[in-house]
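Worksheet: one structure, shown below.
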Amino acid sequence: MEHVTKDQKKTKTSEFPDPFEQARIQKGYSDIEDQNDPVTMLLRLKDVRKTAHNWKTFISGAKPGRIVVPSEVAIRDIRQIPFEVDPPEHTDYRNLVEPWFKRPLEEEYQAKLKDIIDELVDEVVNKEDVEVVADFSLKLQSRALTLLLNIPYEESETWISWGVHVFRSEDTALDGDKANILYDYLDEQIDKAIENPGNDLYSMLLSSEVNGQKMSKEEVKGVMILTFAGGRDTVINAVTNSISYFAENPKALKRIHEEPEIITKAVEELVRYFSPLTHMGRVVTEDTKVCEHAIKNDSRVSMCWASANRDSAVFEKPNEVVLDRKINPHVGFGFSHHNCLGATHARQILKVLLGSLAEKVGGIEIKNYKENIEEWGEFNRKVGFDNITVNFSGK
């Protein structure tokens with residue numbers, strides 16, 4: 001683990017440089033290799049948004065796992081729903097699950113989420129050292145997920161025991177054995193819900209119909225894989241990176257406390273700046289062009305959210321966190337019909353967390369850290385931290 005001296009701190013641990021700037025301005029795209037299935041990364045906000053919206057030319061309903069970058073074709077053959085489905089079927093699935101995923105807007109849900117987050121913040125305040133990724137962000141994400149699924153809180157201990165990544169181990173970007181832990185677990189939970197239906201997400205899906213057809217076990221599993229995998233690393237990154245920011249910008253935390261009305265804008269800005277998910281792919285259905293660049297039928301493109309969110313053609317001071325940014329058309333939760341299903345839940349987590357930190361924490365000191373750097377061809381992108389140890393002091 002890297003030790004941080006006071007001099008190093010001047011370079012700001014919480015700064016996330018934009019490695020895409022030059023390529024975005026000069027070309028608007030870049031080509032990367034991915035398991036013998038190359039990807040053209042689209043870097044400008046307008047191209048990213050147009051591509052996300054054009055589902056006929058740039059499809060999600062390709063071979064399961066192929067639109068993810070890096071591709072997950074080698075480790076799964078189950079389609080994630082509604083993520084890997086195109087309209088009109090996508091609309092049917094989305095209409096079914098959307099009301100469930102909007103529950104975080106309910107007062108009762110928010111009160112329970114506040115209890116979970118307040119309890120965790122109380123646990124870490126004045127504790128000597130806290131490794132944020134494993135001992136705070138993973139716990140927060142897992143405990144909050146019990147609310148989203150509407151299942152007993154104790155189940156979060158199982159998910160915490162899996163560690164931070166669902167499909168990745170320390171030395172393997174795609175770990176089939178690790179993925180199977182999740183798949184086997186979901187099979188077991190689905191079988192339990194068939195035998196004893198309850199008020200949880202599994203039971204709701206199993207009792208639902210799409211186009212007059214009862215949802216199959218495989219379809220239910222596809223929704224659940226997305227729910228577990230899609231919101232894990234991303235929420236963990238968003239929470240961890242936000243804590244690193246407030247550690248080095250104590251005035252920002254004080255401002256949140258004094259002006260709670262800016263919390264909603266602050267959450268959007270932190271998501272824009274940190275972009276917890278670098279990019280997401282599509283498969284091309286016909287020869288086409290993006291940025292005057294020819295793209296062949298059946299090849300892959302990725303919409304680089306992280307680059308689009310720093311596009312100076314759209315955002316003033318794109319490389320600064322402006323907590324009350326007035327106009328913020330970021331794509332941190334994706335864009336168009338495939339925008340993140342769990343965005344409402346993630347936003348509520350961050351809103352409650354910011355309020356709780358502002359209320360209970362006097363300061364955060366970073367002790368040491370190791371950055372998590374993703375390598376995408378010519379780009380090395382800091383996406384978060386493998387670990388970061390801090391001390392939270394109470395008020």
Side-chain angles (χ1 to χ4, degrees), residues 16-25 27-32 34 39-55 58-60 66-72 80 83-84 226 229-242 245 267-283 290-291 300-315 318-322 325 327-347 349-350 372-384:
F16 280 52
D18 173 19
F20 308 106
E21 184 175 22
Q22 201 176 344
R24 184 175 58 243
I25 291 167
K27 294 193 302 181
Y29 70 91
S30 184
D31 293 306
I32 60 171
D34 177 23
V39 180
T40 299
M41 289 175 73
L42 309 178
L43 304 175
R44 292 175 184 151
L45 184 76
K46 66 173 186 178
D47 294 322
V48 163
R49 285 166 66 116
K50 274 168 70 176
T51 300
H53 201 59
N54 181 1
W55 58 266
F58 303 97
I59 63 166
S60 299
R66 195 172 174 219
I67 64 165
V68 187
V69 189
S71 167
E72 292 171 4
Q80 291 186 6
F83 170 63
E84 293 177 312
L226 175 62
R232 196 172 178 87
D233 289 21
T234 47
V235 169
I236 289 167
N237 282 339
V239 169
T240 306
N241 299 346
S242 297
Y245 171 75
V267 164
E268 297 306 314
E269 176 66 349
L270 291 167
V271 170
R272 179 199 72 83
Y273 181 80
F274 291 120
S275 295
L277 182 67
T278 301
H279 52 175
M280 185 51 66
R282 296 284 187 268
V283 174
V290 182
C291 330
R300 295 198 296 159
V301 299
S302 89
M303 300 160 294
C304 187
W305 317 122
S307 171
N309 281 342
R310 299 292 186 92
D311 193 335
S312 60
V314 180
F315 300 100
N319 296 316
E320 290 180 29
V321 174
V322 180
R325 189 178 287 276
I327 298 168
N328 196 350
H330 74 79
V331 285
F333 289 115
F335 183 70
S336 195
H337 54 291
H338 275 294
N339 68 310
C340 173
L341 190 59
T344 307
H345 176 68
R347 283 183 165 110
I349 286 175
L350 291 170
N372 176 8
I373 307 290
E374 292 182 345
E375 294 178 18
W376 302 108
E378 65 188 287
F379 311 117
N380 291 324
R381 188 203 172 214
K382 177 177 171 180
V383 70

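- Here the closest heavy-atom approach between residue G332 and residue N309 is recorded as N-ND2, 3.4 Å.
- Judged as a side chain to side chain donor-acceptor pair (under 3.5 Å), and not counting sequence neighbours, the contacts of W376 are E374.
- In this structure, S312 has no side chain to side chain donor-acceptor pair (under 3.5 Å) partners at least two apart in sequence or on a different chain.
- We find the CH2-SG distance between W305 and C340 to be 10.5 Å, quoted to the nearest 0.5 Å.
- The salt bridge (Lys or Arg N to Asp or Glu O under 4.0 Å) check on R310 picks up nothing, with sequence neighbours excluded.
- Looking only at side-chain heavy atoms (C-beta outward), Y29 and V290 stay at 4.5 Å or farther from each other.
- Here the CZ-CD1 distance, from F379 to I373, works out to 14.5 Å after rounding to the nearest 0.5 Å.
- Using a 4.5 Å heavy-atom cutoff, the side chains of M303 and R282 are in contact.
- In this structure R300 satisfies the salt bridge (Lys or Arg N to Asp or Glu O under 4.0 Å) test together with D34, D37, sequence neighbours excluded.
- Side chains of I67 and F83 form a contact here, defined as non-hydrogen atoms less than 4.5 Å apart.
- Ring geometry for F16 versus F274: interplanar angle over 60°, hence perpendicular rather than tilted (30 to 60°).
- With contacts defined as side-chain heavy-atom distances shorter than 4.5 Å, the pair F335/V48 does not qualify.
- Residues satisfying the side-chain contact (heavy atoms from CB on, under 4.5 Å) test with S302, not counting sequence neighbours, are V39, M41, V69, H279.
- Looking only at side-chain heavy atoms (C-beta outward), V314 and P329 come within less than 4.5 Å of each other.
- With salt bridges taken as basic N to acidic carboxylate O contacts below 4.0 Å, one links R272 and E269.
- A238 and S242 get closest at one heavy-atom pair: O-OG, 2.7 Å.
- Among pairs with a residue in residues 330-339, none fulfils salt bridge (Lys or Arg N to Asp or Glu O under 4.0 Å), at least two apart in sequence or across chains.
- Separation of atoms CG (N372) and CD1 (I236) is listed at 11.0 Å; rounding is to 0.5 Å.
- H337 is linked by a side chain to side chain donor-acceptor pair (under 3.5 Å) to nothing, counting only residues two or more places apart in sequence or in another chain.
- Checked against salt bridge (Lys or Arg N to Asp or Glu O under 4.0 Å), E84 has the following partners two or more places apart in sequence or in another chain: R76.
- Within a 6.0 Å radius of NZ in K27, more than 12 heavy atoms belonging to other residues, nucleotides or ligands are found.
- In terms of the ring pair (Phe, Tyr, Trp, His ring centres under 6.0 Å) criterion, H345 has no residue partners (sequence neighbours excluded).
- Considering only residues two or more places apart in sequence or on other chains, E378 meets the side chain to side chain donor-acceptor pair (under 3.5 Å) condition with S30.
- In this structure, V271 and L350 have side chains that are in contact, with non-hydrogen atoms separated by less than 4.5 Å.
- How far CG of L45 is from NE2 of H330: 11.0 Å, rounded to the nearest 0.5 Å.
- Separating the CG atom in D47 from the CG atom in L43 is a distance of 9.0 Å, to the nearest 0.5 Å.
- Once rounded to the nearest 0.5 Å, the distance linking CG of L42 with NZ of K46 reads 12.0 Å.
- Scanning for side-chain contact (heavy atoms from CB on, under 4.5 Å) contacts around A306 gives F20, S275, T278, C304, R381, with sequence neighbours left out.
- Across all their heavy atoms, P276 and N237 have their closest contact at O-ND2, 3.4 Å.
- Between N241 and L270, the closest side-chain pair of non-hydrogen atoms is not below 4.5 Å.
- Here the closest non-hydrogen pair linking R44 and R24 is NE-O, 2.8 Å.
- For the pair V235/V239, a side-chain contact is recorded, criterion being any heavy-atom separation below 4.5 Å from C-beta on.
- With sequence neighbours left out, K50 forms a salt bridge (Lys or Arg N to Asp or Glu O under 4.0 Å) with no residue at all.
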